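One structure is given below, encoded as structure tokens.
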Amino acid sequence: MIEYNHLKVEKKWQKKWFESKIFEIKEDSKKEKYYCLEMLPYPSGNLHMGHVRNYSIGDICARFHRMKGKNVLYTAGWDAFGLPAENAAIKNKIHPKKWTKQNIACMKEQLKVLGFSYDWNREISTCDPKYYKWTQWFFIKMWEKGLVFRKNANVNWCSSCQTVLANEQILNGVCWRCGSHTEHRDLEQWFIKITDYADELLEGHKQLGGWPEQVLSMQKNWIGKSYGVEINFKISGFCKNLKIFTTCPDTIFGVTFMVVAPEHEIINELKFKIKNYEQVAKYILASGRKSNIERTSSKEKTGVRLEGVNALNPATKKEIPIFTADYVLMGYGKGAIMAVPAHDQRDWEFAKKFDIPVIEVIKGNNSDTNKHAYEDEGILVNSGEFTGVKSVDAFNIVSNWIEKQGFGKKIVNFKLKDWLVSRQRYWGVPIPMIHCDHCGIIPVSEKELPVLLPEDLEFTRTGKSPLKISKAFVNVKCPKCDKDASRETDTMDTFVDSSWYYARYCDSHNDNAPFDSAKANYWMPVNQYIGGIEHACMHLIYARFWFKVMRDLGLIKYDEPFVNLLTQGMVTLSGSAMSKSKGNVVNSDEILIKYGADTARLFVLFAAPPQKQFDWSSSGIEGCWRFINRVWRLFDVVRSAKPITITDIASQKNKDDILRIMHKTVKKVTADIEKEFQFNTAISSIMELVNALYSYKYHANDDGVSLEVYKVLILLLAPITPHLCEEIWEKFGNNECISIHAWPVFDESVIKESSIEIPVQINGKLKGRIIASVDMSEEEVKKVVMFDKKILVHLKGKQIVKFIYVKSKIVAIVIK
RNA sequence: GCUGAGGUGGUGGAAUGGCAGACACACAGGUCUCAGAAACCUGUUCCCGAAAGGGUAAAUAUGGGUUCAAAUCCCAUCCUCAGCACCA
């Protein structure tokens, strides 16, 4: 047989698959459906090894279930709007659309070269007006349902570029383009009321048994439901109260100061009373340059007292100072806290720095609030009438008292914030709204959709949104009163685009609706969703939310979009995530040319279990390449009279051995792919089968066992290295593609062995092994052990305290 | 800082309470060859030993605990990674 030529073989089969349309799929009520989905990629330009890993996992799942006889939906598309295209436009003077299209073309070519079994007929791109028409349609539906609203929110602002900056465009507190200090600025922006679904998003976790526990746990903490009390603190000499939220109302007697976030409106309202306003304003400006992470993670707490302003502790009736400090965030609770330094470490550190009294109100076993905040349970002290109450009971007792006194009420609070969806940028879905001086905000009428993104615009270096400059875009007539009005120029967050694409795949070309409900109800929910762990919270919560909205619009009948989730670990390069912006990307091109798609796929899956982070190293890829050639050469071996491998007699396999190993391998590979996604161990057991087949004695001399085992081997390998397997399959004279051939089955009775080797431990140390038959009783096993010379040496002159036999696993003897 | 993962030979990893290191990589030695490549064979955690074999207290980040038995369960500490809401 000639040497394996991956370039020729891979091209041949990719062409055959394409021409025969075997991966193009339709609804078929007679067949069980299987929807396999990978997270929508951003077309950055090149496929890197992280992509290769993600899609290899997906393709194997799709191919495996196809061979299992299911009707498999598996396709691809592009999350094509976003900041990098705009950055490229500014830097290289290339239109975002052109840049994006080029990247898509390039990446699509690479996906094809990898031999993924996508139904390309269903491909979508979120920047295609045919797609974003429906993104806009959903936005209007949500507006009609009251799920879209406007409010002021903070943005990063560069005053020299006169533009809003993304977090990523700020490097060490300065603008990426001009290097000047950034600041915060309030803008009226568009929000989606995801918090209306907060409870259901939590409850829905019960239906997500096929999700990793860690992701559910991360989402739970992200949604952050907590029960607490909203309390109004009086400010001396001021008409308005300071509202706070606390989950520990039982510590109210220990409140010795208050902290408001630097963005809190009350600072401005109290301006006339604050004696050191200049100092406060300076602090606010400085904290505006920090990110939330910097603010909350700095070890040294900072802040400024609002001199001349005091609040009143409603429990102790004592006056307490008010500070502003950036460790309190505007986005959580009320943006203000009652600080209890004795029982919150952050407050404790702040109190120590500013010399504020620490009053212990919960006494625990080892509590010493002079040294550290005490955050555990205990007995209330220094708490007036509540002194002596157990802290576990105090939440209810004290919060009832607060409600009765009339200065607070029990509420449920969520960490989850409403979704800020507007962006002051060009390359995104235009928000389909019109501002009319007479009628207010009016949605664009459905028949006018999509609101097209104008393309013939100048990309200047000033950073101003081209949409704002385009008169043709901005100036419109009000749909209601027909007077002059202006079009909204904000575009949508790209997370919006990727919140419903999985439903569009069910019916990608529909011009009359986002998708046909019957089709979506056939394919949805997604059986297997695959993507990076970094999306555990944001994308996976947004998509779940959007799906529930689609359900409430009557478009779909299920509650959850993704039944099973596999979160793959990142492919990193020397420890940090591969990303184009960081410039640490390993492209797939070189590997594909040198070794081919099958080797690349085999290698990324063999290198590590999919959930684990994988630090890139190409060492080992040679071994995968050798393995593929070894499988290829086996074709001749199984048909020849002699094995080519010269091995010592002991390791040679006979007919029973080889059949048992084969059935075992089928069982192991099936379970590894189907249940555990342990492709690395599936591959190593296939390698073991190959090794066994090389050391099989008979091959062509023995009634075709060798051929039978080899064919099963090729079937097992088909989802992983499909090109190689198709080629070998064809050599056997099969006309039908292996890609749609039935998956092999195994026979448990062949796997079962009658006698096995059992290790013997004495006092926890391995001292020998015995051969026993599987169905022996403990007594019988003991007899065998007691006749074993090696074991007896250790037992001589000792007393057996305990004899343990774990069936078919181990013998453990305890001696004195 | 908060939340969630992870730490096993020279390397990737296997083993989820029962033989630590499967399967590979790398390395070393060998067969074939004029030679090389390829292919094939043998060895390879560490320590002692030429080997057979041994380790009564070697070894799964570190220290402690539970158990006949711990990489696996519990507690504490250290380190690495991911996410933290305008990167996608």
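Only a predicted model underlies this, so the values are computations on that prediction, with no experimental measurement involved. Because only heavy atoms are used, hydrogens play no part in the values below, and waters and symmetry mates are left out as well, while side chains stay in. Numbers restart at 1 for each chain; the letters A, B, ... are given by sequence-line order, proteins then strands.
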Practice task
Assign the ring pair A:His51 / A:Tyr55 to parallel, tilted or perpendicular, where the plane angle (0 to 90°) is split at 30° and 60°.
Solution key: parallel

Exercise for the section: Could you tell me how the ring of A:Trp625 sits relative to the ring of A:His6: parallel (under 30°), tilted (30 to 60°) or perpendicular (over 60°)? Expected result: perpendicular

For the side chain of [X], counting heavy atoms from C-beta on, which of [options] is nearest?
X	options	answer
A:Ala607	B:rA88, B:rG12, B:rG4	B:rG12
A:Arg423	B:rC23, B:rA88, B:rC86	B:rC86
A:Glu534	B:rG55, B:rG12, B:rG83	B:rG83
A:Asp79	B:rG12, B:rA85, B:rA88	B:rA88
A:Gln424	B:rC86, B:rC68, B:rG1	B:rC86
A:Ile533	B:rA58, B:rC68, B:rA82	B:rA82
A:Arg626	B:rA26, B:rU3, B:rA14	B:rA26
A:His535	B:rA15, B:rG4, B:rA88	B:rA88
A:Lys415	B:rA85, B:rG18, B:rA88	B:rA85
A:Lys809	B:rC87, B:rG18, B:rG12	B:rG18

Exercise for the section: I would like to know whether A:Glu488 and A:Arg150 meet salt bridge (charged side-chain N to carboxylate O under 4.0 Å, His left out); could you show each step before the answer? Expected result: CA-CA 12 Å; A:Glu488 171 64 56; A:Arg150 278 161 70 77; 3.6 Å; yes

Name the nucleic acid region contacted by [X], choosing base, sugar-phosphate or nothing; use a 4.0 angstrom heavy-atom cut-off, strictly under.
X	value
A:Tyr327	nothing
A:Ser422	base
A:Glu86	nothing
A:Val155	base
A:Pro609	sugar-phosphate
A:Val806	base
A:Thr296	base
A:Trp419	nothing

Could you check how far [atom1] of [X] sits from [atom2] of [N], rounded to whole Å?
X	N	atom1	atom2	result
A:Leu416	B:rA85	CG	P	13 Å
A:Glu375	B:rG1	CD	C1'	12 Å
A:Ile223	B:rG4	CD1	C1'	15 Å
A:Phe803	B:rA69	CZ	C1'	14 Å
A:Asp493	B:rA88	CG	C1'	10 Å
A:Ile293	B:rC2	CD1	C1'	10 Å
A:Glu622	B:rA38	CD	P	8 Å
A:Gln678	B:rC23	CD	P	18 Å

Looking at [N], which nucleotide sits across from it as a Watson-Crick or G-U wobble partner, both distances under 3.5 angstrom, or is there none?
N	result
B:rA69	none
B:rA82	B:rU3
B:rU77	B:rA61

Fill in the blank from the handout: Sorted by position of nearest nucleotide on RNA chain B, 5' first, the leading residue of A:Asn154 and A:Asn763 is A:Asn763

Exercise for the section: Report the residue (A:His794 or A:Ser684) whose heavy-atom-nearest nucleotide on RNA chain B is the more 5′ of the two. Expected result: A:Ser684

Handout entry: base_contact_polar (B:rC68 base, A:Gln761 side chain, donor-acceptor, <3.5 Å)
Key = no

Problem - Syn or anti for B:rG43 (syn when the glycosidic angle lies within 90° of 0) - result: anti

Listed pairs under 3.5 Å, donor-acceptor, residues 40-47 of chain A side chains, sequence neighbours left out:
unit_1, atom_1, unit_2, atom_2, d
A:Tyr42, OH, A:Ala85, N, 3.3
A:Asn46, OD1, A:Gln110, NE2, 3.4

Handout entry: Verdict with supporting geometry, A:Glu294 and A:Arg289, salt bridge (charged side-chain N to carboxylate O under 4.0 Å, His left out)
Key = CA-CA 10 Å; A:Glu294 283 172 289; A:Arg289 286 174 186 160; over 6 Å; no

Exercise for the section: Give a yes or no answer on whether the side chain of A:His184 reaches the backbone of A:Asn154 with a donor-acceptor pair at less than 3.5 Å. Expected result: no

What's touching nucleotides 78-81 of chain B from the protein side, N or O pairs under 3.5 Å?
unit_1, atom_1, unit_2, atom_2, d
B:rC81, O2', A:Gln613, OE1, 2.5

Within the 6.0 Å centroid threshold, strictly below: [X] and [Y]:
X	Y	answer
A:Trp546	A:Tyr501	no
A:Tyr502	A:Tyr529	no
A:Phe603	A:Trp616	yes
A:His205	A:Trp211	no

Exercise for the section: In whole angstrom, give me the gap between the P atoms of B:rU3 and B:rG10. Expected result: 35 Å

Problem - Inter-nucleotide P distance (B:rA5, B:rU56), Å rounded - result: 37 Å

Practice task
Strictly below 4.0 Å, heavy-atom distances to any atom of RNA chain B: list the hits from residues 536-546 of chain A, or just say none.
Solution key: A:Met538

Respond yes when some side-chain nitrogen or oxygen of [X] is under 4.0 Å from OP1 or OP2 of [N], and no when none is.
X	N	value
A:Asn292	B:rA85	yes
A:Lys612	B:rG13	yes
A:Lys802	B:rC68	yes
A:Asn680	B:rA14	yes
A:Asn691	B:rC23	no
A:Arg633	B:rC40	yes

Practice task
Answer yes or no on whether A:Arg630 is positioned over the face of A:Tyr694, meaning its NZ or CZ is under 6.0 Å from the six-membered ring centre and within 45° of the axis.
Solution key: yes

Practice task
Measure from NZ or CZ of A:Lys301 to the centre of the six-membered ring of A:Tyr327, then state whether that distance is under 6.0 Å and the direction lies within 45° of the axis.
Solution key: yes

Practice task
Classify the side-chain pair A:Trp176/A:Asn87 by whether it contains a donor and acceptor separated by less than 3.5 Å.
Solution key: no

Exercise for the section: Scan A:Lys352, A:Gln345, A:Lys353 and name whichever one has a side-chain hydrogen bond (donor to acceptor under 3.5 Å, both in side chains) with A:Glu349. Expected result: A:Gln345

